[in-house]
Number of protein chains: 2
Amino acid sequence: MFTKVLIAEDFDSINIALIQTLESMGVKEIEHAKYCDDALLKAKKAIQDKTPFDLLISDLSFETDYRTVTLKSGEELIAAIRQIQPTIPVLVYTVEDKSFVIKSLVEDLKVNAFVHKGRNSISQLKTAMETILFGGTFVSQNLAHALKENSFNEIEEYDIQVLTHLSNGVTIEEMEQLFKNKDIKPNSKSYIEKRISKLKDIFKAKTTIHLVSLSKDLGII
Amino acid sequence: MFTKVLIAEDFDSINIALIQTLESMGVKEIEHAKYCDDALLKAKKAIQDKTPFDLLISDLSFETDYRTVTLKSGEELIAAIRQIQPTIPVLVYTVEDKSFVIKSLVEDLKVNAFVHKGRNSISQLKTAMETILFGGTFVSQNLAHALKENSFNEIEEYDIQVLTHLSNGVTIEEMEQLFKNKDIKPNSKSYIEKRISKLKDIFKAKTTIHLVSLSKDLGII
DNA sequence: TCTCATTTTACGGATTTCCGTACGGATTAC
DNA sequence: GTAATCCGTACGGAAATCCGTAAAATGAGA
């Protein structure tokens, strides 16, 4: 089993449960941080002390409060820790279940396991840890389908920009100018219109409002 | 201290933490349910056995899975339990922090305490329970402001319907017919348009898409 | 019942979006 | 070298929206 585990999770209640679970699994050293910045510090210190962590369990979203932070999300934390300790296995434990998010996490950040907080997540967490120990990759069942989903491959960064701008109240006409100013390449009104139309097809959205609404639900924007 | 507490919470990790916390506070009997329906059953049974619960701690949102359920949310559960046991104190423990939701909960459902899951929620939970015990009402600090927020008073059920329909891809023209069919009173295209326009003023939204987007973020729809 | 104010509807013009067609340029295939 | 295809742009008419004005309906109080 892992011997020294770092937990990055803001909710105290979940921290309690995680610590209890890890203890019951025989993990000797457990440290937890409620802020990503603190987690990174702990990881750095552990390396300096020549006793690095051998597993990181991290949440994705962290609430903002009075404290100003450098690392705002689990994604940023994972990237930062991988910089100083590239081989550390990472287990993501989160409520997130948006296909788009998960896809990028597994593919880009190469997290070793993905456990969805839910009714039976603790048992999944245990399985995930054992799987990582044997060099495998674990993704919660209810998420597995997301990786296979294909329709999202058609959607690119450009579409996300368009959707985001729409969501923020930018009209198509304004977007044309905005793109021209920022030198973003396809920037004609007509092209943007076509793109929106295509997205409506993909999402089977009835109106543009519907499209933006769906995109928010799917976590794309 | 309370002697018999019912917990309705779907996430297993949080259940673990809650149980541990209640035990440390000296609560003798603790029961927990991962589905609202189960929670209601337990409450009924306890009444039949003449040993009713003296506190309900409930989450608000419950994930849907393969199981078909009658009660889909904490709100519904609270209403149902209050039907069979009107005097039971209720503590809501949730990630929810949308002003609109909280306002209605405290005012309509008359929950006794509202604790926001977060970095220091367990200590707040303890305080909340003590406050309830002495007949008081507790609302997490970071939520307290929501109750004072006034701008949401202007928004009525009608507006929410309009926003929801827009979000679901219904055009204004279709909405006019829909409202006429359902006999919802102000149903002219022009009135709906005006209403949307007014909402855009209130929310300072630049476009209708922006308006719907903001409404989703604020948890109004 | 009449009056006045408020609410709701009707209408119309300006603007924006929607959607089809068509044109130019670049790339690829043959 | 030519044709075919794709990509981005341009244009224009139909539809939907935005927004102001005015008429009609409603309702409360005298």
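Convention: sequence-line order gives letters A, B, ...; per-chain numbering from 1.
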Next on the checklist: Rounded to whole Å, how long is the line connecting atom NE2 of A:H210 with atom P of D:dA16?
Outcome noted: 17 Å
Next on the checklist: So B:T171, base contact, sugar-phosphate only, or nothing? Heavy-atom distance under 4.0 Å.
Outcome noted: sugar-phosphate
Item to check | Any A:T208 side-chain N or O less than 4.0 Å from OP1/OP2 of C:dC18 | outcome: yes
Next on the checklist: Counting only side-chain nitrogens and oxygens, does A:K185 get under 4.0 Å of the OP1 or OP2 atom of D:dC7?
Outcome noted: no
Checklist entry - Starting at the 5' end of DNA chain D, which residue's closest nucleotide do you reach first, A:K194 or B:I172? => result A:K194
Next on the checklist: For a quick test of reading the model, state the closest non-hydrogen atom pair linking B:L166 to A:T207 and the distance between them.
Outcome noted: O-OG1, 4.3 Å
Checklist entry - On DNA chain C, nearest-nucleotide positions of B:S188 versus A:L166: which is more 5'? => result B:S188
Checklist outcome for this item: Of the listed D:dC11, C:dT9, D:dT17, the closest approach to the B:K189 side chain comes from D:dT17
Checklist entry - According to the interplanar angle, ranging from 0 to 90°, do the rings of B:Y158 and B:F179 count as parallel (below 30°), tilted (30 to 60°) or perpendicular (above 60°)? => result tilted
Checklist entry - Crowded around B:K45 NZ? As in, over 12 foreign heavy atoms under 6.0 Å? => result no
Checklist entry - How close or far is atom P of D:dA16 from atom NZ of A:K200, stated in whole angstroms? => result 11 Å
Checklist entry - Can you tell me how far P of C:dT16 sits from CD of A:Q177, to the nearest Å? => result 13 Å
Checklist entry - B:E176 has an atom CD; how far is it from atom P of D:dA16, in whole Å? => result 12 Å
Next on the checklist: With a sphere of 6.0 Å drawn around NZ of B:K216, does it hold more than 12 non-hydrogen atoms of other residues, nucleotides or ligands?
Outcome noted: yes
Next on the checklist: Go nucleotide by nucleotide along DNA chain C from the 5' end; which of B:N187 and A:S197 gets its closest nucleotide reached first?
Outcome noted: B:N187
Checklist entry - Has B:K44 got more than 12 heavy atoms of other residues, nucleotides or ligands less than 6.0 Å from its NZ? => result no
Checklist entry - In terms of side-chain heavy atoms of B:E193, which of C:dC18, D:dA10, D:dC18 is nearest? => result D:dC18
Item to check | Whole-Å distance separating the CE atom of B:M175 from the P atom of D:dC18 | outcome: 11 Å
Next on the checklist: Please report the distance, rounded to the nearest Å, between OH in A:Y191 and P in C:dG20.
Outcome noted: 17 Å
Item to check | Length of the NZ-C1' vector between A:K206 and D:dA15, whole Å | outcome: 18 Å
Checklist entry - Just how far, in rounded Å, is C1' of D:dC19 from NZ of B:K198? => result 17 Å
